[in-house]
Amino acid sequence: MNSFIDSANFFEGNNPEQIASEYGTPLYVYNEKILRDRMHRVSQVITKYPYTANYSVKANTNIHILKIALEEGINCDAMSVGEIEMLFKAGFPKERIFFIPNNVSEEEIIYALKKGVITSLDSLAQLELFGQCCCDLELADEKRLCAVRINPGVGAGHNEKVVTGGKKTKFGIAEEDISQIFEIADKYKITIAGINQHIGSGFMDPQPYLDAVTNFLRIAMQFKNLKFIDFGGGYGIPYHKLDDEKEYPMEDFKKRLEPLLDDFVSKYGSVPLFKSEPGRYCVAEGSVILGRVHATKQNAGNLYAGTDVGMNVLVRPSMYDSWHDVEVIRGGKVVSRDNLVEQTVVGNICESGDILAKDRKLPEIKRGDLACILDTGAYGWSMCSTYNSRPRPAEVLITKDGKVKLIRRRETIKDLMRLF
Ligand code: LLP
């Protein structure tokens with residue numbers, strides 16, 4: 001593909017140069033149509049049985065994007081009190097939020113219990129703490145509801161740092177400890193309403209997930225009267241789209257998933273609500289970052305394009321060696337990829353690892369160009385930092401009727417000073 005920006009009409013007829021001039025750079029730009037399209041796709045993963053997609057909001061908690069998820073009818077999972085508060089602010093009712101925390105305090109468990117948000121406990125110790133919290137609050141038996149996270153025993157993901165299943169990860173309760181879940185539940189009169197798992201993040205081959213579903217449904221047979229079974233998220237997106245990488249095979253995946261559910265439902269005796277927890281798939285492709293090129297240079301024969309998109313703005317390349325396609329915009333137009341030159345696109349942070357794209361074949365970049373970094377909607381702004389005391393960027397949304405709307409103002413140095 002020569003240009004994703006052009007083929008998707010990403011800016012919906014708006015001039016990216018004008019957007020960059022008006023809102024400044026670095027700038028996250030979202031496309032509402034793409035966001036809605038991907039959220040709709042995940043809402044259709046299971047159609048034969050009761051199902052909800054839970055958008056995993058750690059990927060992106062901008063309240064305006066959460067409102068789109070609300071309108072698209074999908075539910076959400078939250079990892080912290082902060083994420084739950086964002087969801088309330090966006091208008092989500094407690095019934096549409098699933099709290100899947102890790103190593104949380106008594107206060108956080110009590111917060112969720114008081115708000116009526118169902119929590120998944122990730123270890124036997126946390127389940128025990130949940131039981132104690134229920135006793136402290138003198139909750140009636142019917143309110144002592146929770147889920148438990150089981151470690152699926154296998155994992156998958158785009159980088160070992162994002163694999164969450166298997167013996168070498170901190171997540172979930174091992175299958176061999178399930179009998180202890182029942183002991184703790186009996187002791188505190190807790191009902192285990194659901195079970196959840198998550199194998200990891202950003203896989204393109206559905207097979208490991210389908211294997212994990214098969215395994216999880218086998219494990220589910222040990223639990224009586226489950227109200228829901230949550231298979232986790234992790235569906236990948238084509239980060240190499242300019243090299244024609246194919247999308248995650250959603251339709252094929254759905255076809256292969258259904259018989260596994262048929263088999264389970266025929267044996268289990270009741271039909272639980274099935275859930276999945278996609279984060280990246282919902283939002284990644286719906287955003288780009290516009291960065292300004294402030295300098296170019298040659299160091300020992302290597303060409304560098306120096307932008308204002310530092311690792312504080314997008315940490316994924318330096319944290320996971322992640323690939324993000326880059327398009328070059330000059331005078332408001334995407335520069336054609338007919339003549340490519342090897343260049344390294346870097347940011348403005350004082351670290352040599354502050355690299356966005358290493359030794360990349362790109363149209364020759366000039367000072368004043370815009371570097372347009374693709375697929376940044378997931379784990380982009382949500383992992384921003386103020387490293388080097390750089391305020392975090394603004395975010396704008398290109399609405400479905402083509403308007404440009406500011407959905408988060410740029411942080412200021414005054415904002416940084418406020419904490420002192
Ligand atoms: N459910 C649980 C319990 C999770 O831990 C995660 C992601 C998800 C769902 C959503 O996974 P997704 O569908 O987005 O792959 N920062 C990394 C990704 C870390 C994912 C953490 N957990 C990255 O930028 O690739």
Side-chain angles (χ1 to χ4, degrees), residues 38-59 66 69-70 72-79 83-84 87 92-102 112 116-122 145-152 156 164-165 171-173 191-201 203 206 208-235 248 250 253-254 256-265 268 270-283 378:
R38 300 307 189 269
M39 288 178 187
H40 178 72
R41 285 189 205 173
V42 296
S43 73
Q44 301 299 308
V45 164
I46 297 168
T47 44
K48 185 166 174 187
Y49 297 106
Y51 164 74
T52 67
N54 278 19
Y55 165 48
S56 191
V57 306
K58 58 182 78 69
L66 299 182
L70 182 71
E72 285 299 320
I74 58 179
N75 292 352
C76 286
D77 82 52
M79 194 64 194
E83 288 187 350
I84 296 176
L87 284 163
F92 275 86
K94 60 182 191 302
E95 299 77 21
R96 290 178 61 182
I97 306 174
F98 185 24
F99 185 30
I100 311 183
N102 199 249
V117 172
I118 188 154
T119 303
S120 163
L121 287 314
D122 169 74
L145 286 183
C146 72
V148 286
R149 178 168 174 173
I150 308 294
N151 187 319
T164 50
F171 295 104
I173 301 172
T191 302
I192 307 291
I195 56 174
N196 57 299
Q197 70 171 5
H198 177 68
I199 63 170
S201 191
F203 48 82
Y209 189 93
L210 292 164
D211 291 345
V213 167
T214 308
N215 187 46
F216 204 43
L217 291 173
R218 178 187 58 76
I219 290 174
M221 296 301 289
Q222 299 179 46
F223 291 79
K224 299 280 164 284
N225 300 319
L226 285 174
K227 298 273 177 292
F228 65 88
I229 298 178
D230 179 343
F231 300 121
Y235 320 136
Y248 182 78
M250 205 43 112
F253 165 64
K254 279 156 63 173
R256 288 155 70 189
L257 181 60
E258 204 174 280
L260 308 180
L261 306 179
D262 290 340
D263 183 55
F264 173 77
V265 167
Y268 192 62
S270 64
V271 184
L273 173 69
F274 294 111
K275 299 187 188 195
S276 70
E277 296 166 9
R280 183 187 319 271
Y281 193 88
C282 296
V283 288

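One-based numbering along the sequence shown. Quick caveat: nothing in here was measured; it's all calculated off a predicted structure.
Of the residues listed (Val45, Leu257, Leu217, Val213), the one engaging Phe274 in a side chain to side chain contact (heavy atoms under 4.5 Å, CB included) is Leu217, and it is the only one. The residue from Val283, Leu87, Asp77 that alone fulfils the side chain to side chain contact (heavy atoms under 4.5 Å, CB included) condition with Tyr55 is Val283.
To the nearest 0.5 Å, the span separating CD1 on Ile46 from CG on Leu273 amounts to 9.0 Å. Distance check: Glu258 CD to Lys48 NZ gives 5.0 Å after rounding to the nearest 0.5 Å. Here the OG1 atom belonging to Thr191 is positioned 8.0 Å from the NZ atom belonging to Lys227, to the nearest 0.5 angstrom. In this structure, Gln197 CD and Ile229 CD1 are separated by 10.0 Å, a value rounded to the nearest 0.5 Å. Distance check, rounded to the nearest 0.5 Å: CD1 of Ile199 to OH of Tyr209 gives 7.5 Å. The SG atom of Cys282 sits 10.5 Å away from atom CZ of Arg38, with the distance rounded to the nearest 0.5 Å.
The backbone N or O of Ile74 lies less than 3.5 Å from a partner atom in the side chain of Arg96, making a donor-acceptor pair. Looking at Tyr281, its side chain never comes within 3.5 Å of a backbone N or O of Arg41 through a donor-acceptor pair. Side-chain atoms of Tyr268 come within 3.5 Å of backbone atoms of Asn225 as a donor-acceptor pair (strictly under, hydrogens ignored). Listed for the Lys58 side chain is no donor-acceptor partner under 3.5 Å among the backbone atoms of Gly279. A donor-acceptor pair under 3.5 Å is formed between the side chain of Asp122 and the backbone N or O of Gly172.
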Practice problem: Please lay out, stage by stage, how Phe231 and Leu260 fare under the test side chain to side chain contact (heavy atoms under 4.5 Å, CB included). | Solution: CA-CA 12 Å; Phe231 300 121; Leu260 308 180; over 6 Å; no
Quiz prompt | Derivation and outcome, side chain to side chain contact (heavy atoms under 4.5 Å, CB included), residues Val57 and Phe92 | solution = CA-CA 12 Å; Val57 306; Phe92 275 86; over 6 Å; no
Exercise. Might you work through the side chain to side chain contact (heavy atoms under 4.5 Å, CB included) test for Phe98 and Asn75, ending with a clear yes or no?
Key: CA-CA 8 Å; Phe98 185 24; Asn75 292 352; over 6 Å; no
Practice problem: For side chain to side chain contact (heavy atoms under 4.5 Å, CB included), just list the numbers for Val148 and Ser120, CA-CA rounded to whole Å, side-chain angles, deciding distance to a tenth of an Å, and then say yes or no. | Solution: CA-CA 5 Å; Val148 286; Ser120 163; 5.5 Å; no
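Across every non-hydrogen atom of Arg280 and Ala378, the tightest pair is CA-CB, 3.6 Å. Shown here for Ser270 and Pro272, the closest heavy-atom pair between the two residues is O-CD, 3.4 Å. Between Met39 and Ala69, the shortest heavy-atom distance links the atoms SD-CA, 3.6 Å. The two residues Val42 and Ala53 come nearest to each other via the heavy atoms O-CB, 3.5 Å. Minimum heavy-atom separation, Ile100 to Met79: O-SD, 2.9 Å.
Of the charged side-chain nitrogens involved, none lies within less than 4.0 Å of a carboxylate oxygen, so that Arg149 and Asp230 do not count as a salt-bridged pair.
Residues Ser276 and Tyr51 meet the side-chain proximity criterion, which asks for heavy atoms closer than 4.5 Å. Within the 4.5 Å cutoff, no side-chain heavy atoms of Glu83 are placed close to those of Phe99. Pro206 has its side chain within reach of Arg256: a pair of non-hydrogen atoms, C-beta onward, lies under 4.5 Å apart.
A donor and an acceptor atom, one from each side chain of Asn54 and Thr52, are located under 3.5 Å apart.
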